[in-house]
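What follows is a short report on a single structure.
Residue numbers run from 1 in the order of the sequence given. The analysis underlying the following values was restricted to heavy atoms, covering all of them including side chains, and did not include hydrogens, waters or symmetry mates.
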Amino acid sequence: MTTPPSTLASGALAAVPSPPGALPPAGLPPAVPAASPAASPASRPSGAVSAAELTAWRAMLRAQARISRRLQGDLLADHDLALGSYDVLTHLGDAPEGRLRMNDLADRVLLSRSGLTRLVDRLQREGLVARESCSSDARGLYAVLTAAGRDRLDAATPTYRQGVRDYVLSRLDEADLRVFGHILAKLADDPPPAPAPA
(Lines give C-alpha, C1' and ligand atoms only; values in the text may rest on other atoms or scores of the structure.)
Protein backbone atom coordinates (compact mmCIF):
# COMPACT_ATOMS: atom_id res chain seq x y z
CA MET A 1 0.00 0.00 0.00
CA THR A 2 1.47 3.33 -1.03
CA THR A 3 1.28 6.47 1.07
CA PRO A 4 2.02 9.87 -0.51
CA PRO A 5 5.58 10.95 0.45
CA SER A 6 4.33 13.92 2.46
CA THR A 7 1.70 16.59 2.54
CA LEU A 8 4.12 19.19 1.25
CA ALA A 9 5.29 16.87 -1.50
CA SER A 10 1.79 16.97 -2.90
CA GLY A 11 2.66 20.52 -3.96
CA ALA A 12 5.12 19.19 -6.54
CA LEU A 13 2.87 20.00 -9.47
CA ALA A 14 2.26 23.45 -8.07
CA ALA A 15 6.02 23.91 -7.91
CA VAL A 16 6.48 23.51 -11.66
CA PRO A 17 6.81 26.94 -13.30
CA SER A 18 3.77 27.97 -15.31
CA PRO A 19 4.01 29.12 -18.92
CA PRO A 20 4.00 32.87 -19.52
CA GLY A 21 0.56 34.41 -19.10
CA ALA A 22 -0.87 31.36 -17.27
CA LEU A 23 -2.68 31.69 -13.97
CA PRO A 24 -0.54 30.76 -10.95
CA PRO A 25 -1.00 27.26 -9.51
CA ALA A 26 -3.58 26.93 -6.76
CA GLY A 27 -2.24 27.73 -3.33
CA LEU A 28 0.68 29.82 -4.56
CA PRO A 29 0.79 33.60 -4.56
CA PRO A 30 0.77 35.24 -7.98
CA ALA A 31 4.10 36.43 -9.26
CA VAL A 32 4.62 40.14 -9.27
CA PRO A 33 7.25 42.11 -11.13
CA ALA A 34 10.64 41.95 -9.48
CA ALA A 35 11.36 44.82 -7.15
CA SER A 36 14.09 47.23 -8.05
CA PRO A 37 17.53 46.32 -6.69
CA ALA A 38 17.30 49.05 -4.07
CA ALA A 39 13.98 47.84 -2.68
CA SER A 40 14.24 45.63 0.39
CA PRO A 41 11.60 43.02 1.35
CA ALA A 42 10.49 45.27 4.21
CA SER A 43 9.80 48.15 1.80
CA ARG A 44 7.47 46.17 -0.47
CA PRO A 45 3.70 46.21 -0.08
CA SER A 46 2.36 43.63 2.34
CA GLY A 47 1.91 40.27 0.58
CA ALA A 48 4.00 41.25 -2.45
CA VAL A 49 6.36 38.56 -3.70
CA SER A 50 9.09 39.28 -6.21
CA ALA A 51 9.87 37.00 -9.14
CA ALA A 52 13.17 35.99 -7.49
CA GLU A 53 11.41 35.20 -4.21
CA LEU A 54 8.75 33.14 -5.96
CA THR A 55 11.45 31.24 -7.85
CA ALA A 56 13.20 30.38 -4.57
CA TRP A 57 9.92 29.28 -2.98
CA ARG A 58 9.05 27.02 -5.90
CA ALA A 59 12.57 25.57 -5.95
CA MET A 60 12.19 24.64 -2.26
CA LEU A 61 8.86 22.90 -2.95
CA ARG A 62 10.28 21.09 -5.97
CA ALA A 63 13.39 19.91 -4.10
CA GLN A 64 11.39 18.70 -1.10
CA ALA A 65 8.92 16.83 -3.30
CA ARG A 66 11.63 15.15 -5.39
CA ILE A 67 13.74 14.13 -2.40
CA SER A 68 10.69 12.74 -0.57
CA ARG A 69 9.59 10.83 -3.69
CA ARG A 70 13.03 9.26 -4.08
CA LEU A 71 13.29 8.30 -0.41
CA GLN A 72 9.81 6.79 -0.53
CA GLY A 73 10.67 4.85 -3.67
CA ASP A 74 13.74 3.33 -2.00
CA LEU A 75 11.84 2.41 1.18
CA LEU A 76 8.94 0.86 -0.72
CA ALA A 77 11.18 -1.09 -3.08
CA ASP A 78 13.46 -2.51 -0.40
CA HIS A 79 11.22 -2.70 2.69
CA ASP A 80 7.59 -2.25 1.57
CA LEU A 81 7.47 0.76 3.88
CA ALA A 82 6.11 4.20 2.95
CA LEU A 83 8.03 7.29 4.01
CA GLY A 84 5.26 8.45 6.35
CA SER A 85 5.23 5.05 8.05
CA TYR A 86 9.01 5.14 8.43
CA ASP A 87 8.69 8.58 10.06
CA VAL A 88 6.22 7.24 12.64
CA LEU A 89 8.41 4.22 13.41
CA THR A 90 11.46 6.46 13.77
CA HIS A 91 9.81 8.75 16.33
CA LEU A 92 8.54 5.77 18.30
CA GLY A 93 11.96 4.13 18.12
CA ASP A 94 13.58 7.27 19.55
CA ALA A 95 11.04 7.58 22.39
CA PRO A 96 11.54 6.03 25.84
CA GLU A 97 10.21 2.47 25.85
CA GLY A 98 9.20 2.96 22.22
CA ARG A 99 5.96 4.72 23.09
CA LEU A 100 4.38 8.12 22.63
CA ARG A 101 0.97 9.59 23.27
CA MET A 102 -0.95 9.85 20.03
CA ASN A 103 -1.21 13.64 20.36
CA ASP A 104 2.54 13.98 20.86
CA LEU A 105 3.26 11.65 17.94
CA ALA A 106 0.93 13.65 15.68
CA ASP A 107 2.85 16.83 16.54
CA ARG A 108 6.19 15.21 15.77
CA VAL A 109 5.22 13.76 12.40
CA LEU A 110 3.29 16.92 11.44
CA LEU A 111 -0.02 15.15 10.87
CA SER A 112 -3.51 15.91 12.08
CA ARG A 113 -4.84 13.60 14.77
CA SER A 114 -7.21 11.98 12.27
CA GLY A 115 -4.41 11.55 9.72
CA LEU A 116 -2.17 9.91 12.30
CA THR A 117 -5.02 7.66 13.46
CA ARG A 118 -5.44 6.30 9.93
CA LEU A 119 -1.71 5.76 9.55
CA VAL A 120 -1.39 4.01 12.93
CA ASP A 121 -4.39 1.84 11.99
CA ARG A 122 -2.43 0.56 8.98
CA LEU A 123 0.73 0.02 11.00
CA GLN A 124 -1.26 -1.82 13.64
CA ARG A 125 -2.78 -4.14 11.03
CA GLU A 126 0.77 -4.91 9.87
CA GLY A 127 1.83 -5.67 13.44
CA LEU A 128 4.38 -2.86 13.53
CA VAL A 129 2.65 -0.66 16.11
CA ALA A 130 0.25 -1.37 18.99
CA ARG A 131 -2.08 0.90 20.92
CA GLU A 132 -2.15 0.97 24.71
CA SER A 133 -4.41 2.85 27.09
CA CYS A 134 -2.93 5.49 29.35
CA SER A 135 -3.35 4.49 33.00
CA SER A 136 -3.52 8.14 34.14
CA ASP A 137 -6.00 9.25 31.46
CA ALA A 138 -8.80 6.94 30.34
CA ARG A 139 -9.19 8.94 27.12
CA GLY A 140 -5.47 8.92 26.31
CA LEU A 141 -3.83 6.39 24.03
CA TYR A 142 -0.22 5.48 23.41
CA ALA A 143 1.24 4.27 20.14
CA VAL A 144 3.83 1.61 20.95
CA LEU A 145 6.51 0.18 18.69
CA THR A 146 6.28 -3.62 18.54
CA ALA A 147 9.21 -6.02 18.16
CA ALA A 148 8.27 -6.47 14.49
CA GLY A 149 8.15 -2.70 14.11
CA ARG A 150 11.61 -2.38 15.62
CA ASP A 151 12.95 -5.01 13.24
CA ARG A 152 11.42 -3.24 10.22
CA LEU A 153 12.79 0.11 11.40
CA ASP A 154 16.29 -1.33 11.92
CA ALA A 155 16.23 -2.89 8.46
CA ALA A 156 14.97 0.26 6.73
CA THR A 157 17.19 2.83 8.45
CA PRO A 158 20.37 2.13 6.43
CA THR A 159 18.34 2.52 3.21
CA TYR A 160 16.85 5.79 4.43
CA ARG A 161 20.21 7.20 5.52
CA GLN A 162 21.85 6.20 2.26
CA GLY A 163 19.10 8.07 0.44
CA VAL A 164 19.69 11.15 2.57
CA ARG A 165 23.38 10.89 1.72
CA ASP A 166 22.81 10.37 -2.01
CA TYR A 167 20.02 12.91 -2.58
CA VAL A 168 21.10 15.70 -0.24
CA LEU A 169 24.34 15.51 1.71
CA SER A 170 26.59 14.39 -1.15
CA ARG A 171 25.60 17.53 -3.06
CA LEU A 172 26.62 19.97 -0.31
CA ASP A 173 30.07 20.83 0.97
CA GLU A 174 30.75 21.91 4.57
CA ALA A 175 30.11 25.58 3.84
CA ASP A 176 26.83 24.70 2.11
CA LEU A 177 25.75 22.60 5.09
CA ARG A 178 26.38 25.43 7.54
CA VAL A 179 24.35 27.89 5.46
CA PHE A 180 21.65 25.30 4.72
CA GLY A 181 21.29 24.40 8.40
CA HIS A 182 21.09 28.05 9.39
CA ILE A 183 18.42 28.80 6.79
CA LEU A 184 16.31 25.78 7.72
CA ALA A 185 16.56 26.61 11.44
CA LYS A 186 15.27 30.11 10.69
CA LEU A 187 12.37 28.74 8.65
CA ALA A 188 11.52 26.21 11.36
CA ASP A 189 11.74 28.87 14.08
CA ASP A 190 14.51 26.88 15.75
CA PRO A 191 17.64 28.36 17.33
CA PRO A 192 20.45 28.50 14.74
CA PRO A 193 22.92 25.61 15.03
CA ALA A 194 26.04 26.33 17.04
CA PRO A 195 29.10 26.98 14.85
CA ALA A 196 31.47 24.05 14.50
CA PRO A 197 34.65 24.35 16.59
CA ALA A 198 37.62 25.73 14.67
Side-chain angles (χ1 to χ4, degrees), residues 1-16 25-28 57-134 140-172 180-181 183-185 187-190:
M1 185 179 302
T2 302
T3 300
S6 71
T7 301
L8 184 56
S10 67
L13 293 178
V16 177
L28 288 177
W57 167 250
R58 286 176 167 169
M60 183 186 75
L61 291 180
R62 192 161 51 249
Q64 194 276 341
R66 287 179 176 173
I67 292 165
S68 295
R69 192 176 295 124
R70 289 167 178 167
L71 289 172
Q72 165 131 309
D74 293 346
L75 289 170
L76 285 171
D78 295 346
H79 309 284
D80 193 26
L81 192 65
L83 183 56
S85 298
Y86 177 82
D87 198 22
V88 167
L89 297 183
T90 296
H91 284 288
L92 291 176
D94 290 342
E97 300 180 358
R99 68 176 58 210
L100 283 169
R101 283 179 179 266
M102 290 287 287
N103 283 340
D104 293 336
L105 182 56
D107 288 342
R108 295 187 189 196
V109 298
L110 305 179
L111 285 175
S112 66
R113 179 63 189 269
S114 61
L116 177 67
T117 296
R118 290 191 294 271
L119 181 50
V120 170
D121 284 344
R122 289 198 294 272
L123 293 172
Q124 189 171 18
R125 287 194 296 270
E126 295 179 34
L128 305 180
V129 171
R131 283 188 175 91
E132 291 184 2
S133 299
C134 176
L141 281 176
Y142 283 100
V144 184
L145 188 65
T146 64
R150 177 71 70 178
D151 289 344
R152 184 78 72 87
L153 175 62
D154 290 345
T157 292
T159 299
Y160 176 83
R161 291 182 176 175
Q162 186 61 51
V164 171
R165 170 67 55 192
D166 291 343
Y167 308 138
V168 181
L169 301 180
S170 66
R171 304 182 182 198
L172 305 174
F180 189 52
I183 290 171
L184 292 179
L187 294 177
D189 294 326
D190 291 335

* Distance-only side-chain donor-acceptor flag, Ser68 / Gln72, under 3.5 Å -> no

* Is there a donor-acceptor pair closer than 3.5 Å between any side-chain N or O of Ser85 and the backbone N or O of Leu81? -> no

* State, to 0.1 Å, how close Leu172 and Phe180 come at their nearest heavy-atom pair, and which atoms those are. => CD1-CD2, 3.8 Å

* Asked: How far apart are the closest heavy atoms of Leu128 and Thr146, and which atoms are they?
  -> O-OG1, 3.0 Å

* Mind checking the CG-OH spacing from Leu75 to Tyr160? Nearest 0.5 Å is all I need. => 8.5 Å

* Which atom names give the shortest non-hydrogen contact between Thr159 and His79, and what distance separates them? -> OG1-NE2, 2.7 Å

* To do: Pick out which of Thr157, Asp94, Leu153 makes a side chain to side chain contact (heavy atoms under 4.5 Å, CB included) with Leu89.
  => Leu153

* Distance in Å, Leu83 CG paired with Ile67 CD1, rounded so as to fall on 0.5 Å steps -> 11.5 Å

* Enter the distance from Arg118:CZ to Leu111:CG here, rounded to the nearest 0.5 Å. => 9.0 Å

* Please determine if Arg99 and Asp104 form a salt bridge, counting it only when a charged side-chain N lies under 4.0 Å from a carboxylate O. => no

* Asked: Does Ser133 reach the main-chain N or O of Leu141 with its side chain, forming a donor-acceptor pair under 3.5 Å?
  -> no

* Between CG on residue Asp121 and CZ on residue Arg131, distance to nearest 0.5 Å -> 4.5 Å

* Structure fact -> Closest non-hydrogen contact found for Arg113 with Asn103 is NH1-OD1, 2.7 Å

* **Nearest heavy atoms of Ala143 and Val129, plus distance in Å** => CB-CG1, 4.1 Å

* Asked: So do the side chains of Met60 and Leu187 get within less than 4.5 Å of each other, counting heavy atoms only?
  -> yes

* Measuring from Glu126:CD to Asp80:CG, what's the distance to the nearest 0.5 Å? -> 6.5 Å

* **CZ on Arg70 to CG on Asp166, rounded to 0.5 Å** => 10.0 Å

* OH (Tyr86) with more than 12 external heavy atoms under 6.0 Å -> yes

* If you draw a 6.0 Å radius around CZ in Arg165, do more than 12 non-hydrogen atoms from other residues or ligands fall strictly inside? -> no

* Asked: If every non-hydrogen atom of Ala106 is compared with every non-hydrogen atom of Leu116, which pair is closest and at what distance?
  -> N-CD2, 3.4 Å

* Between Glu132 and Tyr142, is there a donor-acceptor pair closer than 3.5 Å when you use the side chain of the first and the backbone of the second? -> no

